[in-house]
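Counting starts at 1 for both ligands and their atoms, following the listed order. Values in this document were obtained by computation on a predicted structure and should not be read as measured data.
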Amino acid sequence: MSYQIAIDGPSGAGKSTVAKALAAKLGIIYVDTGALYRTVGYYVRRKETDPHDARLVTALLPEIRLELGYENGAQQVYLNGEAMGDKIRTPEMSMYASAVSAIGAVRDYLLDTQRSIAERHSVIMDGRDIGTVILPNAQVKIFLTASNECRAERRYRELTAKGIETTYESVLRDMIERDANDRNREVAPAVAAEDAVVFDNTGMEPEECAEALYRLVKEKLGL
Ligand code: DC
């Protein structure tokens with residue numbers, strides 16, 4: 001049986017950590033869709049283009065060829081053949097990704113890439129509009145969230161562990177701004193699907209959260 005699991009929610013809610021753990025337990029593919037928006041943002045930055053300018057950004061799309069690959073089970077995005085790796089993981093790229101993701105043409109451009117993977121494989125996909133737009137028929141939909149402070153703390157630790165210099169205050173400020181952009185945009189706003197299970201994991205360890213959601217997924221799928 002092939003099936004789809006959608007995990008949406010704001011940044012720092014632990015979507016990717018949980019999705020990776022569930023994908024490993026279930027033996028299915030994990031797709032991090034934020035990486036696709038980050039890669040478009042990266043190209044726009046490289047072209048020194050304003051990421052809020054829909055006309056200019058849309059004009060760049062035909063120059064972009066995106067491919068997804070898997071290395072040792074980890075997703076890699078290729079931009080015109082170049083592996084993105086951690087280049088798309090900086091705070092600057094988070095802001096670029098959020099800005100370009102509000103442009104309808106960018107979302108349309110990435111729609112097929114996302115849907116075509118889910119057509120060929122059982123997947124667990126994380127993002128902002130997976131349950132509402134990309135995979136509206138997903139068998140399991142989860143909207144993962146946590147308090148602002150808890151999410152900022154996680155993001156801060158993640159960034160400093162990668163050697164990126166920042167402060168908790170600036171991470172919190174950027175996160176609140178980015179979440180508001182993502183939630184209030186006109187196209188595919190980052191909101192829970194009506195049939196999603198909303199799960200708040202404030203103060204929970206990643207293993208505890210993954211275990212609780214694994215039970216939920218098994219129950220929903222009848223495994
Ligand atoms: O999940 P992330 O932080 O890597 O995502 C980066 C940005 O991309 C996020 O601010 C909003 C956008 N995004 C989106 O609009 N839809 C998705 N399915 C995934 C990400």
Side-chain angles (χ1 to χ4, degrees), residues 4-20 23 30-45 51-52 54 57 61 64 66 68 74-77 79 84-118 123-136 138 141-146 148 151-152 154-159 162 164 166 171-193 196 201:
Q4 304 166 339
I5 303 172
I7 303 202
D8 292 300
S11 54
K15 300 185 296 294
S16 66
T17 309
V18 166
K20 270 181 214 159
Y30 161 56
V31 185
D32 162 13
T33 64
L36 300 172
Y37 292 91
R38 287 172 180 272
T39 302
V40 172
Y42 179 86
Y43 189 75
V44 167
R45 166 80 179 78
H52 298 99
V57 170
L61 294 176
I64 300 177
L66 290 185
L68 278 185
Q75 174 181 304
Q76 180 69 265
V77 184
L79 166 63
M84 288 290 99
D86 272 352
K87 284 185 273 197
I88 55 172
R89 299 285 157 201
T90 62
E92 187 187 25
M93 284 309 121
S94 298
M95 287 316 223
Y96 267 78
S98 183
V100 299
S101 74
I103 300 172
V106 171
R107 307 202 72 85
D108 288 345
Y109 174 74
L110 296 177
L111 188 89
D112 284 348
T113 311
Q114 298 171 79
R115 280 206 187 136
S116 70
I117 301 169
V123 291
I124 179 159
M125 209 174 257
D126 91 21
R128 303 293 188 288
D129 64 337
I130 309 305
T132 49
V133 177
I134 305 295
L135 306 175
K141 296 183 187 179
I142 296 163
F143 192 85
L144 206 55
T145 187
N148 286 347
R151 295 187 292 113
R154 288 174 186 158
R155 205 17 80 82
Y156 172 69
R157 276 201 233 130
E158 224 173 80
L159 290 170
K162 279 188 187 150
I164 296 172
T166 182
V171 172
L172 179 64
R173 200 182 47 237
D174 285 1
M175 206 188 68
I176 291 173
E177 184 188 334
R178 186 152 72 96
D179 289 344
N181 287 344
D182 298 343
R183 210 175 37 242
N184 299 322
R185 66 185 176 213
E186 272 168 37
V187 276
V191 294
N201 64 17

Element-labelled atoms of ligand 1 that are located less than 4.0 Å from some non-hydrogen atom of Ser101: 11 (C), 12 (C), 15 (O)
Asp32 versus ligand 1: do any nitrogen or oxygen atoms come within less than 3.5 Å of each other? no
Is the shortest N/O to N/O distance between Arg155 and ligand 1 below 3.5 Å? no
If you look only at distance, which donor and acceptor atoms sit under 3.5 Å apart when one is on a side chain in residues 183-193 and the other is two or more places apart or in another chain?
| unit_1 | atom_1 | unit_2 | atom_2 | d |
| --- | --- | --- | --- | --- |
| Asn184 | ND2 | Ala180 | O | 3.1 |
| Arg185 | NE | Val187 | O | 3.0 |
| Arg185 | NE | Ala188 | O | 3.0 |
| Arg185 | NH1 | Ser101 | OG | 2.9 |
| Arg185 | NH2 | Ala188 | O | 2.8 |

Let me know which of Asn201, Asp179, Val171, Ile176 forms a side-chain contact (heavy atoms from CB on, under 4.5 Å) with Arg151. Asp179
How far is atom 4 (O) of ligand 1 from its nearest protein heavy atom, and which residue and atom is that? Arg38 NE, 2.6 Å
Are Asp174 and Met95 close enough that some pair of their side-chain heavy atoms sits under 4.5 Å apart? yes
Measure across Ala118 and Val123 and return the closest heavy-atom pair with its distance rounded to 0.1 Å. CB-CG2, 3.8 Å
pair Ile164-Pro91: side-chain heavy atoms closer than 4.5 Å: yes
Closest protein heavy atom (residue, atom, distance) for atom 8 (O) of ligand 1: Tyr37 CB, 3.5 Å
Quick note, salt bridge (charged side-chain N to carboxylate O under 4.0 Å, His left out) partners involving residues 89-99, not counting sequence neighbours, are Asp32-Arg89, Arg45-Glu92
Can you check whether Ser11 has an N/O within less than 3.5 Å of an N/O in ligand 1? no
Nearest non-hydrogen protein atom to atom 11 (C) of ligand 1, with distance, is Asp182 OD2, 3.3 Å
Could you walk me through whether Arg107 and Asp129 pass the salt bridge (charged side-chain N to carboxylate O under 4.0 Å, His left out) check? CA-CA 10 Å; Arg107 307 202 72 85; Asp129 64 337; 3.0 Å; yes
Going by the 4.0 angstrom heavy-atom rule, the piece of Arg178 near ligand 1 is side chain
Say whether Thr33, considering both its backbone and side-chain N or O atoms, lies within less than 3.5 Å of an N or O atom on ligand 1. yes
How far is atom 16 (N) of ligand 1 from its nearest protein heavy atom, and which residue and atom name does that atom have? Arg107 NH2, 3.0 Å
Please say whether Lys15 places an N or O atom under 3.5 Å from an N or O atom belonging to ligand 1. no
Using a strict 4.0 Å cut-off to heavy atoms of Ser98, name the atoms of ligand 1 that fall inside it. 10 (O)
Just heavy atoms, cut-off under 4.0 Å: does Met95 contact ligand 1 by side chain, backbone, both, or neither? neither
Backbone N or O of Asp126 within a donor-acceptor pair of the Lys15 side chain at under 3.5 Å? no
List ligand 1 atoms under 4.0 Å from Asp129, heavy atoms only on the residue side. 16 (N), 17 (C), 18 (N)
Does the Tyr42 side chain pair with the main chain of Leu79, one donor and one acceptor, at a distance under 3.5 Å? no
Give yes if a backbone or side-chain nitrogen or oxygen of Arg128 is under 3.5 Å from a nitrogen or oxygen of ligand 1, and no if not. yes
Do Thr33 and Ile134 come close enough that some side-chain heavy atom pair is under 4.5 Å? no
Should Asp126 be counted as touching ligand 1, given the test is an N or O pair under 3.5 Å? no
